[in-house]
Amino acid sequence: MQGLFKRYLWLVCQIKEAPNGINFEEINRRWKKNTNLNPMGEDLAKRTFRNWLAAIPEELGVMIECDRRAPFNYYISDYGVDNVNMLKWSLEMYSVGNMANENKSIYDRILIDDVPSANQNLAFICHAMRNNHKIILRYHRFGSEPTEYIVCPYAVKLFQNRWYLIAHSEEKNKEYTYGVDRIISLEELDDKFVMPAKYSAKDKFNHSIGIYSDEEYPTETVRLKVKGYLPDYFDTLPLHHTQVEECKGDDYVIYSYKLKANYELVNRIMSYGTACEVLEPASLRTAIKSALRSAYEIYD
């Protein structure tokens, strides 16, 4: 099944990257050149191609249609609103993996950040999530002894090269966040839990930076004055999806956001140094000033 999934991703990539659509003959030509998925260089059978087209809407949520006029190009008509971010991530991961396979001869010139391994735990957690089964996890929190918890796995989130589990403790009636790479062992129980009817992981983190939703913080308008090289970075990779450009000067841009002014937002802003200034809210500006003063005192 994993091999089929890679083939579905490959086909979607070929169609997605063709702005005017792509016909079967061109798809087949590219398939014969794919030494990773098709090492023997065989033709793509039309029956196999049709099976892939039939499976992709269910497996990836992507609708592919064919222009019935010559040259009978295939194009993507719909990505599925609820699926677009997951699909984008899947396609990017596939592209990176494919790039690595095609460039083994220069592997020592392709530098990739080390990501703590979480594959086995992540697959285990997702299986429990699909079945709404509680899990027992033995967890080694930084600075403390390993502890065992029984939790209801609600969601997983990727942030800064680490996977995190968001889980509900029925005993404490509270949600907690666990780094997946810090889970020592897992056990899936037969006991089922009921997901809250209106629970949305996306909504929970909609106005937060990082892995904590920080429900005790209100959502506020955050305004940043960004200078130097930084506006180019913010334009190509926004700090947050609520980013709006308010105005632009000769050497600065002012952006506004709808965010919770949590600890992780403070850290992110501080990482930009003098190129980023908080204009409002005043409470966030004060928090930045206090954090900078504390940092200064270390070296004073």
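Just so it is clear, the values below take in all heavy atoms, side chains as well, and ignore hydrogens, waters and symmetry mates.
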Crowding at OH, Tyr263 (>12 non-hydrogen neighbours, <6.0 Å): no

Criterion side-chain hydrogen bond (donor to acceptor under 3.5 Å, both in side chains) against Asp43, the qualifying member of Thr48, Asn28, Asn38: Asn28

Pair Cys276-Lys225, side-chain contact (heavy atoms from CB on, under 4.5 Å): steps then yes or no: CA-CA 6 Å; Cys276 183; Lys225 184 177 182 180; over 6 Å; no

Note: Glu187-Arg138 ion pair, threshold 4.0 Å (strictly below): no

NZ (Lys192) with more than 12 external heavy atoms under 6.0 Å: yes

Lys260/Glu220 salt bridge by N-O under 4.0 Å criterion: no

Side-chain touch Asp235/Glu245, heavy atoms, less than 4.5 angstrom: yes

Tyr154 and His168 aromatic centres sub-6.0 Å: yes

Under the side chain to side chain contact (heavy atoms under 4.5 Å, CB included) test, residues paired with Arg130 that sit two or more places apart: Cys126, His127

Minimum side-chain heavy-atom gap Tyr217-Ser208 below 4.5 Å: no

Counterpart residues, side chain to side chain contact (heavy atoms under 4.5 Å, CB included), relative to Ala291 (two or more places apart): Val266, Met270

Side chains of His133 and Glu188, donor plus acceptor under 3.5 Å: yes

By side chain to side chain contact (heavy atoms under 4.5 Å, CB included) - contacts of Asn51 (at least two apart): Arg47

Glu25 CD: over 12 foreign heavy atoms closer than 6.0 Å: yes

Face-on cation placement of Lys204 at Tyr199 ring, 6.0 Å and 45° thresholds: no

Phe205 vs Ile166 side-chain heavy atoms within contact, under 4.5 Å: yes

Trp10 and Trp52 aromatic ring geometry - parallel, tilted or perpendicular at 30°/60° bounds: perpendicular

Reported CG-to-CD distance for the pair Leu53 and Glu65, which is rounded to 0.5 angstrom: 11.0 Å

Tyr178 and Tyr164 aromatic centres sub-6.0 Å: no

Centroid separation Phe49 to Phe24 less than 6.0 Å: yes

